[in-house]
**Student:** 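Pasting a structure below so you can have a look.
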Amino acid sequence: MYDEKIINTMTDKVNELLAKYNEVCEQNENLRNELVSVKAQNEAKSNQIMRLEEELKSKNIESEDIVKKIEAVLGK
């Protein structure tokens with residue numbers, strides 16, 4: 001009787017541990033998926049920033065060229 005009680009208690013504890021382990025594994029997988037998603041978003045934003053910086057650089061060069069043409073016309 002006493003041995004059966006110990007075995008049942010141990011079985012319950014092992015089942016609790018397995019349930020917690022499975023829960024932690026699921027949380028870990030969810031976090032891993034979230035991390036992958038956030039990394040992809042970060043990469044997309046970095047690419048967008050680089051593209052916008054290039055556009056800005058191009059616009060600045062274009063503006064400088066226009067100013068030079070105006071100055072040339074005005075004879076400065």
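Quick note: numbers below take in every heavy atom, side chains included, and nothing from hydrogens, waters or symmetry partners.
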**Student:** Counting only pairs under 3.5 Å, give me each side-chain donor-acceptor contact of residues 12-20, with atom names and distances, residues two or more places apart or in other chains.
**Tutor:**
| residue | atom | partner | partner atom | Å |
| --- | --- | --- | --- | --- |
| N15 | ND2 | T11 | O | 3.2 |

**Student:** Return all side-chain donor-acceptor pairs below 3.5 angstrom for residues 51-65, not counting sequence neighbours, or 'none' if the list is empty.
**Tutor:**
| residue | atom | partner | partner atom | Å |
| --- | --- | --- | --- | --- |
| R51 | NH1 | E55 | OE2 | 2.8 |
| S63 | OG | K59 | O | 3.0 |

**Student:** Output side-chain donor-acceptor pairs under 3.5 Å for residues 30-45, partner residues at least two apart or in another chain, one line each.
**Tutor:**
| residue | atom | partner | partner atom | Å |
| --- | --- | --- | --- | --- |
| N30 | ND2 | E26 | O | 3.4 |
| R32 | NH1 | E29 | OE1 | 3.0 |
| N33 | ND2 | E29 | O | 3.4 |

**Student:** Could you go through the side chain to side chain contact (heavy atoms under 4.5 Å, CB included) check for M10 and I6 one step at a time?
**Tutor:** CA-CA 6 Å; M10 289 178 70; I6 291 173; 3.8 Å; yes
